[in-house]
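On a predicted model such as this, the values are computed, not experimentally measured, just so you know.
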Amino acid sequence: DKANTFLSIKMRMPDDGPPSKKFKYTLQHKNNGNHVSDKLQQERRNLPIYPARGKIINQIQRLDTAILIGETGSGKTTQIPQYLLEANVNKNAIIAVTQPRRVAAITISQRVAEEQGTELGQKVGYCVRFEDVTSENTKIKYMTDGMLLREAILDPLMKRYSIVILDEAHERTIHTDVLFGVVKQAQSRRKAKGIRPLKILVMSATMDVDHFSAYFNAAPVLYLEGRQYPVQVFYAPEPQSDYTFSSIVTLFQIHRVEPPNKDVLMFLTGQEEIESAVKTIRDITRSTEENMAPLVVCPLYAALPSHAQLKVFKPTPRVCLYIYLKDKKLTDIEAITEGCRKVIVATNIAETSVTIQGIKFVIDSGVVKAKVFNPNSGLDLLKVVRVSKAQALQRTGRAGRESAGSCYRLYTEQEFEQFSDSTVPEIQRCNLSSVVLQLLALGISDIVNFDFMDKPSTESIIAAVHQLHNLGAVVKETSIKLTPVGRKMAAFPLEPRLGKTLLIAKEHNCLEEILTIVSLLSVDSVIVTPQSKREEALAARQKFVSSEGDHVMLLNIYKAYKAVKGNREWCMENFINQRNMRTATEVRKQLHDICVRMDFPVKSCGNDSTTIRKCLAYGFFMNAAELQKDGSEYTSLSSRKTVSIHPSSVLFRCKPAYVIYNELVKTTKCYMRDLCVVDPDWLSEAAPAYFKKKKPGT
DNA sequence: GAGCACTGC
């Protein structure tokens, strides 16, 4: 019945006109087959960045550090490394170009290799986790920011690079933020030591230029012009109480008046909300009496199976003519026959990670689901919050990538003015234990005074150091120092607790099993429980269940998965997410290789699950809880807070006296997720000092 | 008896 009111929102233009000049043309990457060079070279010369080529080279030639502002797609990411290479600004050494995402590093390097007329992995290559496609001939190396950071642990001066380009710096990923300080330090140390100079190029699409420049010792800023398409912005005339409803209303408002070949991108917050909106939209199109063009509705979020994600990229099909022929004029039909409309209902995955062709309309709810971290409680909380102005702008820009478009903001202009300018950098929002461990491994001991562009709070740094201290990774002398244990932990791409658990497993000769468990804990859940087939899923899972907890069950699942060689049908039948299982297998292989390199004997303890649980207790003693006297709930041993067993755990409805858990999530209650039954004696053995006041089980 | 934004090593 809500559907009948869908003209209730009237949009109006902002007083000062659309902020459309911000949005620029996007380079379309096409594979041109065999006759590469001439056509590709011509395409390169046609890019808006091309006329600025000489100037850019000159500037970078004489500068140590430069900041380059240009919208995504101005061609800067593909062209600038090539310009520098062609003018040999890199002096025959390697140019590193970082990207926040794997897929970007891979696809961009493919394109650049093509433009250079070389095989990928030769002059141009890429390096991301699990994949190193470079050789000794590689001069331009695209890589994830996290990869360069990990390399820096082995070589803090980054000696193999003469130029480091930090691309998409405005995204402020935790890795880019740490790299800012690390490259700056490498540059000045190399200068002091008389080693070949290191040039730093920071590329960003941000408006926050002054902040970047000030941080890099007033580095000059180069601006890039690009082609642009205007996006008209509309605001809601009054605050909206139900953004999902308003989004759907707006969609149909667009759908009734606009030519149907123009697709719509709608931003909502999460899987459940998206699926319900998709259903509502489909129901309305089915039940309406109006002659509307058909709508193809596609949900899009990261957890969606990849085959369903691919639907988004399919060209929108031609329209079913018969719907319109009966009472429409021919002129109307012409407009309609260009295609029916596709509407994509997405999370913020469509802001940066996924680019869809043909979007002319964006509907922005103005909200996003974000992780909020509280350093005092150590609790992560997933909350629906307002987007930042920068994020809203990013969403708006998605409407103008190929031609002019429109963006409907489901908030008033006054509300927009209240949004924060930019999203709080990740480094100020999350648990820092991994970052602190990495910085210490890089030889940086004074973390509180490290040269961050935006400092994380002192409390969160102290909390991280504290955790590392409890794990025996650091000692506090005159300064904070990494112990041999901490040094080994830093070698693994794992959060510190999991890294420590591996080291313990080595001592207990059960690395074989713990490698599996740790890998499964560090990827997204491999267990699927669809609402519609809940009973079926639980029945299928029954054969893996263990009374000792979720970790042992995960191990059982992995063994069964390996026994059928990762068979797809088996995964379907057993409600196992094959994609995440494959990732876990890759993680395991990587961790295994590191163990071998470090001369760790990878031994199996067979079916001795007690040893496995003991290792987990030794590594996770900070995440332990005891059953309360009345047997109803648990008390966390570290914070003395009341916590409960998450209903997804195999231990739900069981009442073991002591458990350790992988993580705590706060929703309606404080829930422990991924639990393992432990003996209280193991906890006090693991950390006698930690449990000095009260020994568990006494 | 609950509910899982998005990346990355």
Quiz item: Of Q99(A) and V368(A), whose closest DNA chain B nucleotide lies nearer the 5' terminus?
Solution: V368(A)

Quiz item: Cationic tip of R409(A) within the cone over F416(A)'s six-membered ring, i.e. under 6.0 Å and within 45° of the normal?
Solution: yes

Practice problem: Give the first and the last nucleotide of DNA chain B, reading 5' to 3', that has any atom under 4.0 Å from a heavy atom of chain A. | Solution: dG1(B) to dC9(B)

Quiz item: Using a cut-off of 4.0 Å on non-hydrogen atoms, how would the nucleic acid contact of V587(A) be classed: base, sugar-phosphate, or nothing?
Solution: nothing

Quiz item: Base, sugar-phosphate, or nothing: which does R534(A) touch, judged by heavy atoms less than 4.0 Å apart?
Solution: base

Exercise. May I ask you to say what S434(A) touches in the nucleic acid, namely base, sugar-phosphate or nothing, with a heavy-atom cut-off under 4.0 Å?
Key: nothing

Quiz item: Using the ring of each side chain (for Trp, its six-membered ring), is F450(A) parallel, tilted or perpendicular to F452(A), with breaks at 30° and 60°?
Solution: perpendicular

Exercise. Select base, sugar-phosphate, or nothing to describe what R102(A) touches, counting heavy atoms under 4.0 Å on all strands.
Key: sugar-phosphate

Quiz item: How is R101(A) classified with respect to the nucleic acid when contacts are heavy atoms under 4.0 Å: base, sugar-phosphate, or nothing?
Solution: sugar-phosphate

Exercise. Just say parallel, tilted or perpendicular for the rings of H646(A) and Y671(A), cut-offs at 30° and 60°.
Key: perpendicular

Self-check item: Nearest-nucleotide comparison on DNA chain B, the residue closer to the 5′ end among Q438(A) and H646(A)
Solution: H646(A)

Exercise. For Q590(A), answer base if it contacts any base atom (sugar-phosphate contacts may also be present), sugar-phosphate if it contacts only those atoms, and nothing otherwise; contact means non-hydrogen atoms under 4.0 Å.
Key: nothing

Quiz item: For dC4(B), is chi within 90° of 0 (syn) or not (anti)?
Solution: syn

Exercise. Under 4.0 Å between any heavy atoms, over every strand shown, what does T144(A) touch: base, sugar-phosphate, or nothing? Just pick one.
Key: sugar-phosphate

Quiz item: Base, sugar-phosphate, or nothing for Y301(A), non-hydrogen atoms under 4.0 angstrom?
Solution: sugar-phosphate

Exercise. Show your working on ring-ring contact (aromatic ring centres under 6.0 Å, His included) between F419(A) and Y411(A) and close with a plain yes or no.
Key: CA-CA 11 Å; F419(A) 290 5; Y411(A) 37 88; 4.9 Å; yes

Exercise. State which residues pass side-chain contact (heavy atoms from CB on, under 4.5 Å) with A464(A); sequence neighbours excluded, sorted by chain then number.
Key: L432(A), S433(A), V436(A)

Self-check item: Atom NZ of K455(A) with >12 non-hydrogen neighbours under 6.0 angstrom
Solution: yes

Quiz item: Under the salt bridge (charged side-chain N to carboxylate O under 4.0 Å, His left out) test, which residues partner K589(A), sequence neighbours left out?
Solution: D593(A)

